[in-house]
Amino acid sequence: MTDRYIDTYKKSISDPASFWGEHAQDCHWYKKWEKVLDDSKKPFCRWFSGGQVNTCYNALDFHVENGIGNQLAMIYDSPVTDSIKKFTYRQLRDEVAKFAGVLASRGVQKGDRVIIYMPMIPEAAIAMLACARLGAVHSVVFGGFAANELATRINDATPKVIVSASCGIEVKRIIKYKPLLDRAIEMAESKPECCIILQRPIETASMIDGRDIDWNEAMSEAKPHDCVPVESTDPLYILYTSGTTGEPKGVVRDNGGHMVALKWSMKAIYDMDKGDVFWSASDVGWVVGHSYIVYGPLLKGCTTVIYEGKPVGTPDAGAFWRVISEHKVKALFTAPTAFRAIKREDPDAELMKKYDLSNFKTLFLAGERLDPDTLHWAENHLGIPVIDHWWQTETGWSIAANCMGIHHFPVKPGSPTKAVPGWDVRVVDPDNNPVKAGEIGALVVRLPLPPGTLLTLWNNDKRYVSAYLEEFPGYYKTADAGFIDEDGYIYVMTRTDDIINVAGHRLSTGAIEEVLADHPEVAECAVLGVDDQLKGQVPIGFLVLNAGVTRDHDEIIKEVIQMVRDRIGPVTSFKTATVVKRLPKTRSGKILRGTIRSIADNREYKMPATIDDPATLNEIEDALNYVGYGKARK
Ligand code: COA
Ligand code: AMP
């Protein structure tokens with residue numbers, strides 16, 4: 001069986017065109033491609049150029065026309081509204097066709113952008129698929145982002161239409177989306193022609209005459225719209241993710257390559273077949289939601305679950321087991337933080353015993369490093385394989401995994417196992433030379449990247465090249481550091497940039513610093529990700545105030561925390577900041593971030609030889625102890 005992995009892997013790397021060309025035959029094409037792998041415009045690379053497809057057709061109509069129209073396509077399970085709603089493939093196809101009709105009636109055509117700012121409700125997926133049906137490019141913005149972040153994305157994507165809802169529900173709290181949307185549109189230079197708003201029963205948003213349209217009213221008058229063939233290389237979506245500045249990167253995904261890679265991955269990585277129930281407990285605002293709540297499972301003909309709830313608190317730490325048992329989920333995909341939350345509330349997994357989990361075959365975790373404690377807890381209590389896998393918004397699907405549909409390798413804690421077929425992963429030193437097995441270096445992927453990965457950054461080919469392709473010529477820079485052991489197991493240790501992972505959410509500390517620096521009394525600041533038992537990492541801020549500031553420090557701290565919440569969003573979990581006289585720096589003026597982090601995490605550290613003034617470290621230690629970090633950590 002190991003041979004199966006080796007053969008598949010070798011073929012995918014030595015002859016990617018024939019490997020992916022073969023798997024592309026599992027999909028429907030209006031016109032067959034001329035070239036599987038088109039690298040005539042290096043370093044840009046395109047998949048299945050000359051081919052014409054429609055992703056929505058492949059995700060819905062194809063299944064209806066091939067006999068599974070009455071099978072469930074989507075189950076919406078919402079403990080926060082106490083409701084469950086099910087859609088067969090035929091029903092979902094009809095809803096999507098109708099909403100495509102609504103969009104078309106507002107002038108949305110192939111290539112137009114549509115922003116979707118919605119909670120975890122079926123309408124979010126319906127809107128995404130309706131865009132795909134028309135060849136329009138969707139850009140979903142996560143609901144936990146503030147108006148300012150939404151405005152940045154509106155300016156970059158310049159959408160013709162924005163689709164939103166009156167509110168989201170965070171456990172018991174109603175988050176009014178509409179005022180956030182209105183504020184974002186006010187702030188943005190680019191204005192949409194209209195907004196389509198779903199009024200949820202729990203909250204009615206006030207509408208702006210002449211601009212806002214009621215989802216339900218529009219649907220009641222809509223004529224279904226058919227699928228529009230698009231070029232395989234045309235963009236399907238833009239998904240913004242944190243970069244190293246406040247300016248997010250708009251990752252662009254194509255239609256053809258994305259469809260082929262995701263459909264293949266459903267069996268190869270997740271061992272899912274048509275009719276199986278797949279649940280990705282994430283959010284449609286993140287890449288996991290795009291790939292494995294919406295597109296992957298539907299392309300494969302599985303049943304996908306849209307869950308509007310949390311692992312704990314809706315109503316308790318048994319919520320995941322209830323959903324798995326009630327809907328006969330075969331595989332669950334979530335972030336380790338969700339399991340840490342469950343484990344914290346129900347350490348002996350008592351609530352698990354209440355449910356029949358006999359259909360549950362595999363747990364997949366990703367989005368952050370899987371700590372051995374969480375891995376073992378899940379393995380011991382569930383008694384099924386727990387699979388760590390490594391991927392990024394940019395890659396769209398996993399770079400490294402234990403491919404359950406090819407060969408199940410023994411798990412090594414701390415490793416997401418081996419490179420997935422299609423991914424030629426290497427570890428290099430700063431001069432782009434390979435390092436020995438077991439040595440840490442930059443994790444890079446030899447070009448060309450497989451299909452389904454990022455084509456470029458929206459409106460910014462230059463940034464795409466400089467961010468990903470320039471530092472290690474011939475390779476894609478993952479910005480993760482790690483190593484590969486003698487058996488080919490990959491270990492992902494840390495980011496090499498300022499990105500941190502908070503509860504599986506990707507954030508830029510640089511972007512938080514930009515907000516803090518805007519406070520009139522802050523002279524200098526630094527934000528670092530420190531270890532957190534539940535969320536993996538959380539950001540903490542260090543503020544150096546202007547000379548002569550006499551105001552109460554706690555007040556200033558409260559203000560900066562509120563600023564981050566208002567400008568980036570609650571999802572940053574930025575709750576701790578402290579005022580210091582000076583930041584520890586090297587003699588050349590670089591902030592000693594690694595050392596500060598070690599102090600915060602209460603780890604041993606060496607006094608850096610290049611430090612400008614060792615006394616600054618004592619000051620940082622005191623400040624950290626005061627806010628419950630460093631030696632004061634519990
Ligand atoms: N809309 C509005 N606000 C949102 C939001 C959304 N869609 N999602 C999160 N928030 C808010 C939360 O309410 C919270 O606000 P608060 O500071 O006022 O309490 C804040 O953003 C931080 O959210 P989160 O980090 O998710 O923390 P939490 O305490 O609400 O929940 C977990 C902690 C572990 C239960 C939660 O993070 C979780 O379920 N994680 C699962 C992993 C996951 O989905 N990862 C995504 C990638 S796979
Ligand atoms: P995102 O773009 O939000 O998916 O975040 C991608 C980043 O999350 C990666 O670059 C890694 O730093 C981290 N990450 C994702 N999956 C894993 C994993 N399985 N193990 C370790 N880190 C991971």
Side-chain angles (χ1 to χ4, degrees), residues 1 3-39 45-63 66 68 132 229-234 236 253-276 278 290-292 294-302 331 364 389 391 395-407 418-425 445-455:
M1 277 293 270
D3 293 350
R4 206 163 141 225
Y5 166 80
I6 295 172
D7 291 349
T8 313
Y9 184 77
K10 274 193 183 153
K11 186 169 181 207
S12 75
I13 301 300
S14 63
D15 191 358
S18 92
F19 181 83
W20 292 110
E22 211 174 283
H23 295 296
Q25 320 226 2
D26 291 343
C27 300
H28 168 270
W29 298 81
Y30 295 108
K31 178 171 167 264
K32 199 180 163 185
W33 57 90
E34 282 153 20
K35 234 176 155 189
V36 176
L37 172 60
D38 178 359
D39 56 3
C45 160
R46 296 290 179 265
W47 287 92
F48 306 105
S49 55
Q52 287 191 344
V53 289
N54 184 283
T55 300
C56 177
Y57 180 84
N58 273 278
L60 300 174
D61 305 57
F62 179 82
H63 301 305
N66 284 282
I68 59 163
V230 298
E231 294 299 312
S232 163
T233 53
D234 279 343
L236 170 69
R253 203 89 65 208
D254 67 1
N255 276 275
H258 172 256
M259 171 181 88
V260 173
L262 285 193
K263 190 164 184 178
W264 174 82
S265 74
M266 286 303 295
K267 179 68 191 170
I269 299 174
Y270 301 101
D271 197 23
M272 298 298 288
D273 291 301
K274 199 189 280 183
D276 288 340
F278 189 76
H290 282 62
S291 296
Y292 294 113
V294 181
Y295 290 112
L298 296 178
L299 287 164
K300 188 68 188 173
C302 298
F364 292 90
H389 57 329
W391 53 305
T395 66
W397 55 288
S398 46
I399 311 167
N402 206 336
C403 290
M404 296 303 282
I406 303 178
H407 176 69
K418 303 196 182 212
V420 173
W423 298 91
D424 190 352
V425 184
V445 183
R446 216 178 112 103
L447 299 173
L449 292 180
T453 53
L454 80 169
L455 295 186

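With sequence neighbours left out, the side chain to side chain contact (heavy atoms under 4.5 Å, CB included) criterion links Gln52 to Tyr30, Lys31, Pro229, Glu231. Partners of Thr453 by side-chain hydrogen bond (donor to acceptor under 3.5 Å, both in side chains), not counting sequence neighbours: none found. For Ala24, the side chain to side chain contact (heavy atoms under 4.5 Å, CB included) partners at least two apart in sequence or on another chain are Trp29, Trp33, Phe48, Val260. Judged as a side-chain hydrogen bond (donor to acceptor under 3.5 Å, both in side chains), and not counting sequence neighbours, Lys35 has no contacts. Arg46 is linked by a side-chain hydrogen bond (donor to acceptor under 3.5 Å, both in side chains) to nothing, counting only residues two or more places apart in sequence or in another chain. Listed by chain and number, the residues in a side-chain hydrogen bond (donor to acceptor under 3.5 Å, both in side chains) with Asp39 amount to none (sequence neighbours excluded).
Rounded to the nearest 0.5 angstrom, His28 NE2 and Asn66 CG are separated by 9.5 Å. In this structure, His407 NE2 and Thr8 OG1 are separated by 11.0 Å, a value rounded to the nearest 0.5 Å. Here Leu60 contributes atom CG and Ile68 contributes atom CD1; the two are 10.0 Å apart, rounded to the nearest 0.5 Å. Atom OG1 of Thr55 and atom NZ of Lys263 lie 11.5 Å apart (nearest 0.5 Å). Distance NZ/Lys300 to CG/Asp273: 6.0 Å, rounded to 0.5 Å. A distance of 8.0 Å separates CG of Asp276 from CG of Asp271, quoted to the nearest 0.5 Å.
Between the side chain of His63 and the backbone N or O of Leu298, at least one donor-acceptor pair lies under 3.5 Å. Side-chain atoms of Asp15 do not come within 3.5 Å of backbone N or O of Phe19 as any donor-acceptor pair. Not a single donor-acceptor pair under 3.5 Å links the side chain of Trp47 to the backbone N or O of His258. A distance-only check finds no donor-acceptor pair linking the side chain of Asn402 to the backbone of His389 [under 3.5 Å].
Summarising the geometry of Asn54 relative to Ala132, their closest heavy-atom pair is ND2-O, 3.1 Å, with the distance given to 0.1 Å. Taking all atoms of both residues into account, the shortest heavy-atom contact from Ser291 to Gly396 is OG-O, 2.7 Å. When all heavy atoms are compared, the tightest approach of Cys302 to Met272 is SG-CB, 4.0 Å. Closest approach of Val294 to Pro297, counting heavy atoms only: O-CD, 3.8 Å. Closest non-hydrogen pair, Cys27 versus Met259, comes out as CB-CE, 3.5 Å. Trp397 and Ser265 make their closest contact through CE3-CB, 4.4 Å (heavy atoms, listed as atom of the first residue, atom of the second, distance).
For the pair Met266/Leu299, no side-chain contact is recorded, criterion being any heavy-atom separation below 4.5 Å from C-beta on. Between Ser232 and Asn255 the shortest side-chain heavy-atom distance does not fall below 4.5 Å. In this structure the side chain of Leu447 reaches within 4.5 angstrom of the side chain of Leu449, judged on heavy atoms. Inter-residue side-chain proximity for Leu37 and Pro448 is flagged as met; some heavy-atom pair is nearer than 4.5 Å. Looking at heavy atoms from C-beta onward, Pro450 lies out of side-chain contact with Ser12 at the 4.5 angstrom threshold.
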Show your reasoning for whether side-chain contact (heavy atoms from CB on, under 4.5 Å) applies to Ser398 and Ile269. CA-CA 9 Å; Ser398 46; Ile269 299 174; 3.3 Å; yes

From CA spacing to verdict: side-chain contact (heavy atoms from CB on, under 4.5 Å), Met404, Phe364: CA-CA 10 Å; Met404 296 303 282; Phe364 292 90; 3.8 Å; yes

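In this structure, Tyr292 has its ring center under 6.0 Å from that of Tyr270. Checked against the 6.0 Å centroid criterion, the rings of Trp423 and Trp391 do not qualify as a close aromatic pair.
The aromatic rings of Trp264 and His23 sit tilted, their planes meeting at an angle between 30° and 60°.
With a 6.0 Å radius and a threshold of 12 heavy atoms from other residues, nucleotides or ligands, Lys11 has its NZ atom above the threshold.
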